[in-house]
Every structure is written in C-alpha cells, then in structure tokens.
Amino acid sequence: MARPSLRTRSPEEQAARSARIRASWLLSTPALILLTFAAFGPLLIVLAYSFVAPGEYSGVVWELSGQGWFEVLFTRDIFDDTVSLAQAHLSIFWRSASLSLLTTLITLIFGFPTAYFIATRPERQRPLWLFLITIPFWTNLLIRTFAIMEVIRNEGIVNTVLLNLGIIDQPLQMLYTYGSVLLGMAYVYLPLMVLPIYASMERFDFRLVEAGYDLYASRLDILRLIVLPIVKPGIVAGSILVFVPSLGAYVTPRVLGGGNNMMLGNLIELQFGQGRNWPLGAALSITLLIIVACALVFYVRAANREDPHG
Amino acid sequence: MQAPAPTDTTSPLPAIEARRVTKIFGEGDDAFQALDAVSLSIRENEFFTLLGPSGCGKTTLLRLIAGFEQPSAGHILLEGKNISNLPPYKRPVNTVFQSYALFPHLTVAQNIAFGLQRLGKPKAEVADTVERMLRLVKMEHLKDRRTSNISGGQQQRVALARALAPRPRVLLLDEPLSALDLKLRKEMQIELKRLQGETGITFIFVTHDQEEALTMSDRIAVMSEGKVLQVGGPREIYDRPADRFVASFIGDTNFLPAQVISTAGPRARLAVCGVEISAALPEGVEGPALTMALRPEQLRLEAAGAAGALQGVLKDTVYFGTDTHFHITLTDGTPLIARVQNARTAEHAFRVGEPIGARPQADALQALHD
Ligand SMILES: Nc1ncnc2c1ncn2[C@@H]1O[C@H](COP(=O)(O)OP(=O)(O)OP(=O)(O)O)[C@@H](O)[C@H]1O
Ligand SMILES: [Mg+2]
C-alpha cells in the first residue's frame, strides 16, 4: 500500500486528495443507490425466492428447498414418483431461443438497409426519417400488438382483401401461429435495431466508399470489406438490444401467439400467477438471465474475432 | 507484373483527353454549371497540374476523370478510348483523396494491398508489391499500424502508396499536400516529383497554391469559374499570362493601361503612362486601348527624369528580407510595385515622397486578353 509516491505527498496534497475522493464518492451516490435498489436488490430477492418452498396459495414458505430449480428441467409424476424431463419447458426454451434469434435476424435484415437509407439522406432530412422510425414508440405496446392482430386475424384486413380479390376462398390462419409471434416481435423491436446501426452509420465516412470504388471494389466488396466492419459496433449493439428483450418477451407472444406459443416470459408469469409456484418462477427468471448472459458473451466474442482480412 | 507504362512522350495518344466536358449540378433554378466545355489533353508520363481558386471546378474535373461523376456533356478519353460511362472500378485510374480516405479498420499494409486484392492478383505478387510500395514511401516500419494511429504526413504517404500499388495509368491527386505544415509540404513536393519520375505514371495534380504548381509541374492548366483559361509550362504561364486573371492569380502583377501608337507585324509601339515602349502583341489582342501586365521584379529603379523610364513618386517601401517592395504612384495615378533584391552592402538611395523612375526590362510588358 505505502508506495513511495504516497510517502512523498505533502499534508496539503493529502487533504486535497481525500477531498477529491470524498467528492467522487458523493457524486456516485445516486448511481450506487440506483444499482442497489433497482438492480442488485431485486435480483437477490429473486435468487432467494428460487431456493425456498412454494406457499400453498401463493408467495413462499421460508424454508430451504431445491424444488424450484428441480422443476425448471424435470417433472415428478404425481402417482408413481418417476422423474422425467419437463418436455413442455424444454420446448418453451427452444421456442424462445429460436424466436429471439429469428427476430434479431429479421430486424437486422430490414434494419440495416433502413439505417443505411437514413444515413445517406441529406443531413436536413435525417431527423424526419428518424422521427418516423420512432413513431411506433409513442403508442402503447399492447395497442400496437392488438393493431397487428386486427390486420392478420381471420376477419382482418389481409384476409378480407385476399378473399374479395378471389385469391383465396378460405381465410388464412395467420393469428396464433409461430409466424404471427415472429411478425409481431420483429415489428416491435425493429427501431431498437435501426437506431444503433444508424448511430454508427452516421459517423461513417462515405468518402471511404468512393475510395473503395476507386480501388476496384465491387458493391458487394464495399459492403463486406468496408461498411460492415466499420459499422459493426452498431450492429452488435442493435442485435443485443433486440435479442435480450425478445428472449423475455411477454405481451407479443401472449396476444399474437394464443395459448400454444408460450415463451419464457409467459411461463414465468404463469408460475407467479395461476401456477402459484413462485420458486419455480424465480428459478426460471434466473435461468433466463443466465441464458442472456451466456448468449451475450458468446456473441460479443464471436463478433470481435471475426475479421474478413485475418 | 504489368509491363511498365510506356515512357515515350511522343506517344500519339494523350493519356487523358477531355473533350468539351461540361458538368451541371442540380436542375431547374438550382442548376449550377461547375465545368464549362473544358478541353484538355494530358500527355503520357506528364506531371500535369490543375490550378485555380477555390470553387473553380478542379475537384469536379478530377471526379469526372475518376468516374465518380458523369459529364453532362462532352467526353473523357483514356488513351483514345471513351471512358465517360465506365464506373470508377473499371478505370485504370486511381485517386489520392484530399481527405486521404484511408480505411481506418485496416493496417497500413492492408490499405496498400486493397486495390491489388480486388484485382485478384496472386498472394505472392500482392505481398511483393506491398513491400515495394512500403519502401518507396518509406513506411516499412509502420506497416502493421492501423491507419488511424499515424501522423498526417504518414497518412498522406500511405494514401499515395495505396493509389500507386495497382499501377494505374493515371494518378489523380486532389490537393494531397494541403493538410501538411510548410516543412513537410516542401519535403513531400520533392518526394512526389521523385515518385512520379520513378513510376512513370501520369500525374494529374490539383492545387490552389501557385508556387506549388510552378515548382512541380511539367504543364499547368489555370482554371477559373469552370473554364480553363490557359495551359502551358510553368515559365510560359508565368512569363506569358494570357489574360488578366492568369496574370493576377500567378505571382504579383502590375496592370498598366496602354495605347497603341503603331503596329508592325506582331509588334507594336505603345504609349504607357507617357512613355513609348515596344511590345509583342499576342494573336487576337488589338488596340487602341490595352491592358499590359508587368511583373514587379522586371523593373529597374533609377533617378527620376531619364527617357524611357516610367515616372512617378515613391509612396512606400516594404522590407521582405531577401527583397524590398517599392510602392510607386505613376504620374497618371496608376499604382506600380517594383521588387528589388536587397544588396548585401548598400542601402538604396530612394526616399519616400520623392520622384523616382522605374525602367521595365526589354519585353517585360505583356499585352493581355480582356
Ligand atoms: N455535388 C454537387 N452539387 C452541387 N454543386 C456542386 C457539387 N459539387 C461541386 N459543386 C459546386 O461546383 C463548384 C466547383 O466545385 P469543386 O469542388 O470542383 O471546386 P474546387 O475547384 O475543387 O474547389 P476547392 O479548391 O475549394 O476544392 C463549386 O461551386 C461547388 O459548390
Ligand atoms: Mg477541391
């Protein structure tokens, strides 16, 4: 601890230094309070809930129990006590993961060109386009989701038009399918993909594109070798911003997926609600957190490693 | 390896030819004519400079040659072939951008290799050429640095190496030295000249610095407001400016009104501020009233009153180290500046406020087109 540099400090310097340290602690208090009460505190409570027994009607009984964690993956037969994998949970995990990945992919496919389009508009027009992109945020998520439902349900706009045009003679079942959940999620999360990509694209120096053309690069080369590597931080940020909330999505799968297309968020809600199994709900919440954390680490690593010129 | 570009300057075809190239940006009321029927012929292996004030269309002309813009009218020919409609990546022409536009996510060596790789050159050849280019611009020691982490002068050299590596027929340089400080700039001027000699590539160089243009170029095109006013070697441009703009843009110039007294073939006798002087008249320049250009260093100062010298009053002297500027007002009110080299020993004998004589050297007066 007692490094030479510390010993040579004069008392005044010491005093100034400790004043600075005090000031910096003082300034970080709001952040610390926020972290304690908004992040770590609730997390610890959830963690504690996952290790106790469920109460009879709801809530928990404060005695140590591994039951919640056990039920994340396994079920015990009520009659003969045999243990088997919880198939329903596994398929929900799988559906959540695949839906979130596909949502990320779809928003990327549509979001990247959108961001590129906005970033290449004259500077005066860009705020307008950004404004248009953010308009959906103005409406409540639930209302937006019901609006999609209105469009794709059996008596909805799409089916009515197709029926009247004689293209189909039976309404297409679009609502309450895997596809309808995907559509809804992609729609809801698209702005979260566009904005970070736009932010990094806006700083992109488009003269580099001309430099690329000048050096015999084709359009594809320019995209692959110049634009993508440089705006990659925006793509990574956008993908994270879409993937993470997708994994825990609740409203969209509930409204557009019906009962058959439950996702992790709905399963968790079920345990805290009708299921009256708070420890299982808490364990599932922590599981979700772990999946997200692992996915992020994996994704960021992969994004940093990949280098087209390596 | 590609065969080196032919260095035969008598080659019948110019490297680049612009035929009445016009460029109009925008439409309707917003339309702006950046180039007005520009015709130029740039020879193989020439160091050719486009010189002109800001906004005169130099960059526009370069961008048309590179293929980033299409001409509104006219054609651009490369070694006799019309390339007006080829995209930039199909033209054997490379650019050193004013902003350098180096790829920030790549290293120095990867930047230089970029064009060669896009042309599908074999790996060994790419590595070989990159090494040679690094040596040529003296950047071997920094080849694995990211280009965002090197100095301005170094970036400039990488930009040069990157554009030279694919061995283009023509290299376009858009004010590549303007971001450098004076000392580095002088060094790079010499280096650019050396590179051009060693590679045998045609250079088209843009600058608005007349001194840079005069020291580096084989030929110069002086541009103003989208037009080419004069094309010629540095001496020719400096000594025989075709019009008032060229004369004032390149070096300092005195403009003197003159009346034609008599003409004999290409020469004429003129009255300039009451003094009779003989001068050559270029084609198309006719009297009776003319404007003559006279460089300040082509005057000799003497005591007032002698025949054949311009007469006036010395108003001011300004000391510039190597020489002194004498500000004179001639008897008819025309201002005149004379530049005289400072002698190491004696002070000059002229006093401010007193009469003085200024004698132009033989054939120093240039008649200008208006
Ligand atoms: N894309 C464009 N749209 C409209 N006008 C343009 C465009 N590009 C250039 N201009 C105009 O054309 C004129 C010539 O521009 P250019 O860039 O060729 O000038 P320059 O000679 O290179 O000047 P500088 O020395 O400042 O670089 C300018 O008045 C400019 O405003
Ligand atoms: Mg320019």
Side-chain angles (χ1 to χ4, degrees), chain A residues 108 112 115-116 119-126 128 196-240 299-310, chain B residues 26 30 59 62-63 65-69 86-121 123 126 130 144 146-148 155 158-168 170-174:
Chain A
L108 184 60
F112 185 86
Y116 188 95
T120 49
R121 287 315 91 192
E123 211 158 336
R124 265 181 317 115
Q125 293 181 13
R126 288 183 214 158
L128 177 69
I197 297 183
Y198 168 75
S200 62
M201 196 99 73
E202 193 197 17
R203 269 172 288 141
F204 179 78
D205 180 359
F206 280 91
R207 290 176 295 194
L208 296 181
V209 172
E210 284 193 347
Y213 279 132
D214 192 58
L215 292 162
Y216 316 108
S218 64
R219 274 168 186 279
L220 192 67
D221 286 337
I222 302 252
L223 185 66
R224 194 169 57 92
L225 301 174
I226 300 172
V227 180
L228 281 181
I230 294 180
V231 304
K232 197 166 69 182
I235 296 176
V236 171
S239 302
I240 290 172
Y299 179 65
V300 171
R301 281 244 181 102
N304 284 341
R305 196 172 39 239
E306 167 230 331
D307 183 348
H309 278 262
Chain B
D30 288 338
T59 299
L62 272 205
R63 291 174 59 80
I65 297 173
F68 299 130
E69 310 273 3
L86 281 187
Y89 52 89
K90 291 200 177 142
R91 301 187 184 197
V93 173
N94 288 347
T95 308
V96 178
F97 295 89
Q98 183 163 5
S99 58
Y100 308 149
L102 297 176
F103 304 126
H105 58 300
L106 302 182
T107 64
V108 167
Q110 286 169 339
N111 264 277
I112 299 174
F114 192 91
L116 295 162
Q117 286 166 339
R118 303 282 75 68
L119 287 173
K121 301 278 183 212
K123 265 208 165 89
V126 172
V130 169
D144 293 322
R146 293 253 163 149
T147 52
S148 40
Q155 288 185 9
V158 177
L160 199 60
R162 183 180 72 172
L164 281 173
R167 228 175 199 298
V170 178
L171 189 72
L172 309 176
L173 304 105
D174 193 354

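Proteins get letters first, then strands, A, B, ... in listed order; numbering begins at 1 in each. Because the structure is a prediction, the values reported are computed rather than measured.
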Compare every heavy atom of [Y] with every heavy atom of [X], then report the nearest pair and how far apart it is.
| X | Y | value |
| --- | --- | --- |
| B:F68 | A:Y213 | CE2-CB, 4.4 Å |
| B:V93 | A:Y216 | N-OH, 4.0 Å |
| B:A101 | A:R207 | CB-O, 4.1 Å |

Quiz item: Using non-hydrogen atoms only, which part of B:L102 is less than 4.5 Å away from chain A: side chain, backbone, both, or neither?
Solution: backbone
Quiz item: Which bit of B:R63 comes within less than 4.5 Å of chain A, counting heavy atoms only: side chain, backbone, both or neither?
Solution: side chain
Taking the side chain as C-beta and beyond, is there a heavy-atom pair between [X] and [Y] under 4.5 Å?
| X | Y | value |
| --- | --- | --- |
| B:R118 | A:L225 | yes |
| B:F114 | A:I226 | yes |
| A:L208 | B:P104 | yes |

Self-check item: Flag if over 12 foreign heavy atoms under 6.0 Å of CD, A:E123
Solution: no
Practice problem: Answer yes or no: does atom CZ of A:R121 have more than 12 heavy-atom neighbours from other residues, nucleotides or ligands under 6.0 Å? | Solution: yes
Quiz item: At a heavy-atom separation under 4.5 Å, does A:D214 approach chain B through its side chain, its backbone, both, or neither?
Solution: both
Quiz item: Which is it for B:F103 and A:L215 under the side chain to side chain contact (heavy atoms under 4.5 Å, CB included) test, yes or no, and what are the steps along the way?
Solution: CA-CA 12 Å; B:F103 304 126; A:L215 292 162; 4.2 Å; yes
